[in-house]
Amino acid sequence: MRILPILALAGMAATPAAAAELSVTLEIPRLDVAEYHRPYVAIWVERPDQKAAGTLAVWYDLDMRNNEGEKWLKDIRQWWRRAGRELRMPVDGVSGATRAPGRHTQAFDAAKGPLSELPPGTYNLVVEAVREVGGREMLRLPFQWPPASAQTATAQGSSELGAVTLNLRP
């Protein structure tokens, strides 16, 4: 697992005190169903009032003709209502292909993206998954930004998501 440094928060110089590390590991369970489709997944940061502070990742079907995979992004309902409808897909560094069942770790470079503009405070990392001919699930993991000490938050899904772990280090 590679964790990328988070530099420059709110215009602060890149110093060891201002650097932090953030990574998310999520499990997509293998389901024993007649018709399996990989889930669409959105990972974003929200404020305590549940307004989106920034989208970190969106996994969807990139291989459909005429970009039809984008049409189904609205099925990731909570993300779509809070942040998705404002984005024009694909977004470099944010959008990517759906993932197969298994564990997936993704590190986020906050030097370029929504984390670089995140003011200090309390937030939730939100992971939402939806699957065609399947279900929908959303998990929230609270965290403090920037981290004063190492933080780990975990949540366990029950259907479309397995274990989700957020790791933050100062």
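Residue numbers start at 1 and run along the sequence shown. Side chains are part of it too, since the values below use all heavy atoms of this structure and drop only hydrogens, waters and symmetry mates.
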With a 4.5 Å cut-off on side-chain heavy atoms, are Y40 and R131 touching? no
For the side chain of R136 and the backbone of D75, is there at least one donor-acceptor N/O pair under 3.5 Å apart? yes
Report yes or no: do T152 and N167 form a side-chain donor-acceptor pair below 3.5 Å? yes
Between Q50 and R82, the two heavy atoms sitting closest are O-NE, 2.8 Å
Do T105 and V24 have side chains that get closer than 4.5 Å, going by heavy atoms? no
If I take atom OG from residue S95 and atom CG from residue L62, how far apart are they, to the nearest 0.5 angstrom? 6.5 Å
pair L115-V45: side-chain heavy atoms closer than 4.5 Å: yes
SB check E46 R140 (cutoff 4.0 Å): yes
Answer yes or no: is there a donor N or O on one side and an acceptor on the other, between the side chain of D49 and the main chain of K51, under 3.5 Å? yes
Measure the shortest side-chain to side-chain distance between T55 and I43 over non-hydrogen atoms and say whether it is less than 4.5 angstrom. no
Say whether V164 and V126 are linked into one hydrophobic cluster, either directly or through other cluster members, by side-chain heavy-atom distances under 4.5 angstrom. no
Nearest 0.5 Å, please: how far is CG in L166 from OG in S23? 7.5 Å
Show your reasoning for whether side chain to side chain contact (heavy atoms under 4.5 Å, CB included) applies to Q144 and Y123. CA-CA 6 Å; Q144 200 63 34; Y123 296 92; over 6 Å; no
Between the main-chain N or O of P170 and the side-chain N or O of E21, is there a donor-acceptor pair closer than 3.5 Å? no
Work out which heavy atom in A100 is nearest to a heavy atom in R38; give both atom names and the distance. CB-NH2, 3.4 Å
Are Y60 and F108 connected into the same hydrophobic cluster when the rule is that any two of I, L, V, M, F, W, Y join if their side-chain heavy atoms are below 4.5 Å apart? no
Mind checking whether L141 and W44 sit in one hydrophobic cluster, side chains of I, L, V, M, F, W, Y counted as touching below 4.5 Å? no
So do the side chains of W80 and E128 get within less than 4.5 Å of each other, counting heavy atoms only? no
Hey, are the side chains of W72 and M64 touching, using non-hydrogen atoms and a 4.5 Å cut-off? yes
Side-chain donor or acceptor of E137 paired with backbone N/O of V130 under 3.5 Å: no
To the nearest 0.5 Å, what is the distance between OH (Y36) and CZ (R30)? 7.5 Å
Indicate yes or no for a side-chain donor-acceptor contact from R85 to the backbone of A83 under 3.5 Å, with no hydrogens or angles considered. no
Salt bridge between R103 and E27, side-chain N to carboxylate O under 4.0 Å? no
List the atom of V91, the atom of L87, and the distance in Å for their closest heavy-atom pair. CG2-CB, 4.4 Å
I28 side chain near P39 side chain, heavy-atom distance below 4.5 Å: yes
Does CG in D92 sit with more than 12 non-hydrogen atoms of other residues, nucleotides or ligands closer than 6.0 Å? no
What are the two closest heavy atoms between L31 and S159, and how far apart are they? CD2-O, 3.8 Å
For the residue pair E35 and H37, confirm or rule out a side-chain donor-acceptor distance under 3.5 Å. yes
Do V127 and I76 sit in the same hydrophobic cluster, where Ile, Leu, Val, Met, Phe, Trp and Tyr count as joined when their side-chain heavy atoms come under 4.5 Å apart? no
Using the rule that Ile, Leu, Val, Met, Phe, Trp and Tyr join whenever any side-chain heavy atoms are under 4.5 Å apart, tell me whether L26 and M138 fall into a single cluster. no
Shortest non-hydrogen contact from W145 toward L168: CZ3-CD2, 3.6 Å
Smallest heavy-atom separation, A57 atom then Q106 atom, equals CB-OE1, 3.9 Å
Within the structure provided, determine whether V58 and W79 are in side-chain contact (heavy-atom separation under 4.5 Å). yes
Hey, could you give me the CG/OG distance between L139 and S158, rounded to the nearest 0.5 Å? 8.0 Å
